[in-house]
Amino acid sequence: MEKHEAEDEQKRMIMEKGQIITAMQKQIEDLKRRTEQDSLPLQGGLRYLNENSQQPPWYRQVAAIIPRHVYLKSIGTTLFISLFFVAYFYLLKDPAYPPTVMPRTFLDHLIGFQPLALPIYLSLWVYVSLPPALLATRRELYGYGMAMAGTCLFGLIIFYFWPTAVPAAHIDWAHYPDVDFLKSMDASGNACPSLHVATATFSGIWLHHLLRRFGAPLWILLFNWVWCTGIAYSTLALRQHVAVDVLAGLMLGVLAAYLSLYNRQ
C-alpha cells in the first residue's frame, strides 16, 4: 500500500514539474513576443536615423565653412599677398647678381602670344584665396599659411641669388595696352621658377584635397584643374615666362603641396 502511494506521489510530482515547465515556456514566448513588439519603434527610429544621417551636400558644407574665421582669412590673405609683392618687386629691382636670360624651347615657339589670356593670368589672386577660405580651423589656416609662405620664400631666395629673365618677345606692346600695363608693373625678371605657376599648382592640389573631403562632384574637380592649367598656360601666352620657368614652378608647387599635406596626416 505504501509502495503504491509512493509511486502515485512520484507521478504527481512529475506532472506538476511538467506543468511548471510548460507554463515557463509560455511565459518565455510571451516575453519574446512583447520584446519584439516593443523593439519595432526603436528599430524604425534607428532606420530613420541611418537613412537621414548622410553627409549634407558638398556645397552646403562649403557654405558653412567659409564664414568661419572670416576676418582671419580675409585679413591674413590680403596681408600675405601685400608682403609678397613688396619682397617680389624689391628683388626685381635689386638682385644680388645680373639676371640670366632663360632659353626658349619648342613649346614656347608653339604657343603664340594671346592677349586674351590676361584675365586668366590675373585670376591667380582669386584662385590662391580659395583654399584658405575652405579651411575650418585656425590650426589648419596657420599650417596652410606657413606652407604657402615657405613656398614663396624658397622662390624669392632663388630670385635673389640666381636672378633670371625671359628673352625679349619683340612685340609692340602699344597695341596691347592692358598687357603693356602688366609689363610695366611686372618686368621680365624673377622668371625661374615661375611663382605664378608654383602658387597656382600648390593651390590646385590643396583645392583638390579639400573638395574631395567635402565630397564634391567630378565636374568641380575637373574645373579646378582646368583653371589651374589655364593660369599656367597664361604665363606662356602672355610671354611672362618660358616653358623652363613653368616646369620649375610646377615642380616647386607639387613638392611644397605634397610636403604640407603629408605633414597633416
Side-chain angles (χ1 to χ4, degrees), residues 69 71-102 118-133 135 138 140-167 178-207 228 231-232 234-236 238-261 263:
H69 311 294
Y71 294 111
L72 177 61
K73 293 176 180 179
S74 56
I75 296 174
T77 302
T78 303
L79 183 61
F80 179 86
I81 293 176
S82 300
L83 291 175
F84 169 77
F85 273 124
V86 170
Y88 180 88
F89 287 123
Y90 174 79
L91 293 178
L92 194 62
K93 297 178 180 179
D94 194 20
Y97 304 99
T100 300
V101 178
M102 300 303 294
L118 181 60
I120 303 176
Y121 181 88
L122 298 177
S123 72
L124 172 74
W125 309 114
V126 176
Y127 191 64
V128 297
S129 303
L130 296 179
L135 295 175
R138 289 179 179 270
E140 286 182 321
L141 285 166
Y142 294 149
Y144 180 85
M146 292 296 293
M148 177 62 88
T151 304
C152 294
L153 180 61
F154 183 82
L156 292 173
I157 291 174
I158 294 177
F159 293 160
Y160 180 73
F161 290 104
W162 185 52
T164 51
V166 297
D178 293 337
V179 181
D180 185 37
F181 178 75
L182 172 65
K183 296 293 182 180
S184 65
M185 294 293 295
D186 187 6
S188 60
N190 292 353
C192 187
S194 168
L195 282 185
H196 215 82
V197 174
T199 52
T201 303
F202 182 91
S203 300
I205 294 173
W206 264 85
L207 267 176
C228 183
I231 293 173
S234 69
T235 63
L236 298 174
L238 293 174
R239 299 295 185 260
Q240 285 293 100
H241 290 282
V242 294
V244 176
D245 308 335
V246 171
L247 178 60
L250 178 64
M251 294 173 61
L252 175 59
V254 169
L255 178 62
Y258 171 78
L259 292 177
S260 61
L261 286 172
N263 290 333

Asks: For Ser194 and Val197, indicate whether the former's side chain and the latter's backbone hold a donor-acceptor pair under 3.5 Å.
Replies: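 Yes: the side chain of Ser194 pairs with the backbone of Val197.
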
Asks: Of the non-hydrogen atoms in Thr151 and Ala256, which two are nearest, and what is the gap between them?
Replies: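 For Thr151 and Ala256, the tightest heavy-atom pair comes out as OG1-CB, 3.0 Å.
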
Asks: Measure up the Tyr88 and Phe159 rings against each other and bin them: parallel (under 30°), tilted (30 to 60°), perpendicular (over 60°).
Replies: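 Judged by the thresholds at 30° and 60°, the geometry between Tyr88 and Phe159 is perpendicular.
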
Asks: Would you check, one step at a time, whether the test side chain to side chain contact (heavy atoms under 4.5 Å, CB included) holds for Leu141 with Lys73?
Replies: CA-CA 8 Å; Leu141 285 166; Lys73 293 176 180 179; 3.9 Å; yes

Asks: Tell me whether the count of non-hydrogen atoms from other residues, nucleotides or ligands lying under 6.0 Å of CZ in Phe154 goes above 12.
Replies: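 Count not over threshold, so no.
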
Asks: Passes side-chain hydrogen bond (donor to acceptor under 3.5 Å, both in side chains), Thr235 versus His196? Steps please.
Replies: CA-CA 8 Å; Thr235 63; His196 215 82; over 6 Å; no

Asks: Going from CG on Leu195 to NE2 on His241, what distance comes out if it is rounded to the nearest 0.5 angstrom?
Replies: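 One gets 7.5 Å once the value is rounded to the nearest 0.5 Å.
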
Asks: Is it the case that the side chain of Lys183 and the backbone of Asp178 share a donor-acceptor pair, with hydrogens and angles ignored and the cut-off at 3.5 Å?
Replies: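 Side chain of Lys183 to backbone of Asp178: no pair is present.
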
Asks: Can you see which heavy atom on Tyr97 is nearest to which on Phe161, and at what distance?
Replies: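 Nearest heavy atoms, Tyr97 then Phe161: CD1-O, 3.2 Å.
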
Asks: Using 0.5 Å steps for rounding, measure from the CG atom of Asp245 to the CG atom of Leu250.
Replies: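 Between Asp245 CG and Leu250 CG, I get 12.5 Å after rounding to 0.5 Å.
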
Asks: Is there a side-chain contact between Ser260 and Trp206 in this structure, where contact means two heavy atoms from C-beta onward sitting under 4.5 Å apart?
Replies: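 Answer yes - side chains close enough.
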
Asks: Would the Phe85 and Phe89 ring centres measure less than 6.0 Å apart?
Replies: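 They qualify: ring centres under 6.0 Å apart.
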
Asks: Sequence neighbours left out, what passes side-chain hydrogen bond (donor to acceptor under 3.5 Å, both in side chains) with Tyr144? Give chain and number order.
Replies: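 Here no residue qualifies.
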
Asks: Which heavy atom of Met102 sits nearest to which heavy atom of Thr164, and what is that distance?
Replies: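 That closest heavy-atom pairing would be SD-CG2, 3.5 Å.
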
Asks: Is any side-chain heavy atom of Ile158 less than 4.5 Å from a side-chain heavy atom of Pro193?
Replies: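 Yes. Closest side-chain heavy atoms under 4.5 Å.
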
Asks: Can you name the nearest heavy-atom pair linking Thr199 to Cys152, along with the distance?
Replies: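 Nearest heavy atoms, Thr199 then Cys152: CG2-SG, 3.8 Å.
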
Asks: Can you tell me if Asp94 uses its side chain to pair, donor with acceptor, with the backbone of Leu91 under 3.5 Å?
Replies: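 No, Asp94 side chain to Leu91 backbone: no donor-acceptor pair under 3.5 Å.
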
Asks: Does the side chain of Thr100 reach to within under 4.5 Å of the side chain of Pro163, using non-hydrogen atoms?
Replies: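 Counting from C-beta outward, Thr100 and Pro163 never come under 4.5 Å.
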
Asks: Contact between Arg138 and Leu72 at the side-chain level, heavy atoms closer than 4.5 Å - yes or no?
Replies: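 Side-chain contact under 4.5 Å: yes.
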
Asks: At their closest point, which heavy atom of Phe80 faces which heavy atom of Gly145, and how far apart are they?
Replies: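 That closest heavy-atom pairing would be CE1-O, 4.4 Å.
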
Asks: Would you check if Leu182 and Gln240 make a side-chain contact, meaning some heavy-atom pair closer than 4.5 Å?
Replies: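 Side-chain contact under 4.5 Å: yes.
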
Asks: Nearest 0.5 Å, what's the CZ-CE distance between Phe181 and Met185?
Replies: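 CE of Met185 is found 5.0 Å from CZ of Phe181.
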
Asks: I need the minimum non-hydrogen distance between Val246 and Ala232, along with the two atoms involved.
Replies: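 Minimum heavy-atom contact is CG2-O, 4.3 Å.
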
Asks: Do the non-hydrogen side-chain atoms of Ile231 and Tyr121 ever get within less than 4.5 Å of each other?
Replies: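 A side-chain contact is absent here, since even the closest heavy-atom pair is not under 4.5 Å.
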
Asks: Kindly compute the distance separating OG (Ser234) from CG (Leu122), expressed to the nearest 0.5 Å.
Replies: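 Reported to 0.5 Å precision, the distance equals 8.0 Å.
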
Asks: Is the closest side-chain heavy-atom distance between Leu207 and Tyr127 below 4.5 Å?
Replies: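 Yes, their side chains come closer than 4.5 Å.
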
Asks: Keeping the roles fixed (side chain from Ser74, backbone from Tyr71), state whether a donor-acceptor pair exists under 3.5 Å.
Replies: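 Yes, Ser74 side chain to Tyr71 backbone: donor-acceptor pair under 3.5 Å.
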
Asks: Answer yes or no: is there a side-chain heavy-atom contact under 4.5 Å between Val86 and Tyr90?
Replies: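 No, their side chains stay 4.5 Å or more apart.
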
